[in-house]
Structure formats: structure tokens, C-alpha cells
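Note: hydrogens, waters and symmetry copies are ignored here, and every other heavy atom, side chains too, is used. The chains referred to below are lettered A, B, ... by the order of the sequence lines, with proteins before strands, and numbering in each begins at 1.
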Amino acid sequence: TQLLEQSPQFLSIQEGENLTVYCNSSSVFSSLQWYRQEPGEGPVLLVTVVTGGEVKKLKRLTFQFGDARKDSSLHITAAQPGDTGLYLCAGIYNFNKFYFGSGTKLNVKP
Amino acid sequence: DTEVTQTPKHLVMGMTNKKSLKCEQHMGHRAMYWYKQKAKKPPELMFVYSYEKLSINESVPSRFSPECPNSSLLNLHLHALQPEDSALYLCASSQEGVSYEQYFGPGTRLTVT
């Protein structure tokens, strides 16, 4: 059973399109993180959100934390081939305990 | 220096072998983690060390034995593994605190034959 469900699981889009990835749980997180992972490498942290309703922007990426701190979304504007990778959300419960979402594999075609 | 290093990068071992994975960080982080990642799956938490003490063991079989010799080093000792233990083993570290931003190493690709 996956504590954190991500959708969609796979996404293949053309360069320049917009997309949104969702991360949902029935549990409340103390904070939530988004990572991107390239094949054969470790995940790289993109952002941490802590406060319910928080919105953070990182260039073309916009991250939102739900008001109830149970869900989050990642929106990418004008996707580029360099955005290709596995996007993972990770919820933090009870200090130091991380659970990763099921992952969204994004492919941006030139 | 925001790097977490892991050695070896690749490891092939038989089911009767004993081997160790090593992880090192020099960011002053006091929490260190071991994760296991199977192909096309997200990382699964195995162990957490906080201030050099084991704080979380996610019901990992005893053939995996973690060790934290000091605040910069984390080892994972492997013994009598099974082929289904083949995976990418990731080490991470973080500061203690509400954001717990983890920095991951590149992983060790383990194959058990």
C-alpha cells in the first residue's frame, strides 16, 4: 500500500506544453518535498513546503501544498527536454521518517 | 560541499558473500539514511541514524546491518543476501529540523547472484 499516490504515473508531452503532477495522501504531513531523479542517480531536492496553502516558485516550476497538508502539486510551465526525469514527492511524518510517492515519469519531446 | 559520496558504485556479490556499502558526507548533517530502490519504483526507507544512533529500522531483514562509526560515515553491511535484494542502495543525509532537506548520494547498484 502506497502512503503517497502520485498521478499521473507517466507523462509524455511536447516541448512548450504545460503539465501538473499531483501527490495525494489521507495522512497529514509535517512537511513535503519534491525531488527529481535521473536514471542511475540519486534524487535531487527541488523544494520543501511546510505551511498549508504554501506556494513556491522555482523558475518554471510552481509547487503548492494543500491547506490541510495532505496533498501537493507540481506545475511546470513551457516544459523543456531538460525537464525529463522521474519526479518524486516525499512526505515527512514523525521526524526523519520519509515516505516517497509512487513517482511520475516525465518525458518531454523536442 | 553539498556532496554525499557512496562506494562502490557497482557491486556484484554471491549469496554467501559478506560485503559493505559506504557513505560519507561532510556537511555537518546529523541525520543519515539508507534507502533501497528497485527498478521503476520509488526509494523505500530502510534505516535512519540520528546523532549516530539508530532511530528508525523499517523492519529490514537482519541480513542488512547498518553502522554509523561517526557523524560523517554510514555503512551498510551485507551478508547472505538473496537475488531479490538486488537494487540501487541510496544514502542520504539531512539536518535535524522541520524541513529535513535530504541530500542523496549517487547510489550503489547491487546485484546478488
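Annotation: side chain to side chain donor-acceptor pair (under 3.5 Å) contacts involving residues 65-81 of chain B, sequence neighbours excluded, comprise B:Ser20-B:His77, B:Glu67-B:Asn75, B:Glu67-B:His77.
A donor-acceptor contact closer than 3.5 angstrom is absent between the side chains of B:Gln37 and B:Tyr35.
Using a 4.5 Å cut-off between heavy atoms, A:Glu38 makes no contact with chain B at all.
Residues of residues 52-82 of chain A never come within less than 4.5 angstrom of chain B, heavy atom to heavy atom.
When the salt bridge (Lys or Arg N to Asp or Glu O under 4.0 Å) test is applied to A:Glu17, no partner is found at least two apart in sequence or on another chain. Every residue two or more places apart in sequence or in another chain that forms a side chain to side chain donor-acceptor pair (under 3.5 Å) with A:Tyr99 is listed here: B:Glu58.
Between the side chain of B:Ser94 and the main chain of B:Glu101, no donor-acceptor pair closer than 3.5 Å is present. Of the possible donor and acceptor atoms, one in the side chain of B:Gln6 sits under 3.5 Å from a partner among the backbone N and O of B:Gly107. For the pair A:Lys97 (side chain) and B:Val48 (backbone), a donor-acceptor distance under 3.5 Å is absent.
With chain B as the partner, the residue from A:Pro43, A:Gly42, A:Pro39 showing the most heavy-atom pairs under 4.5 Å is A:Pro43.
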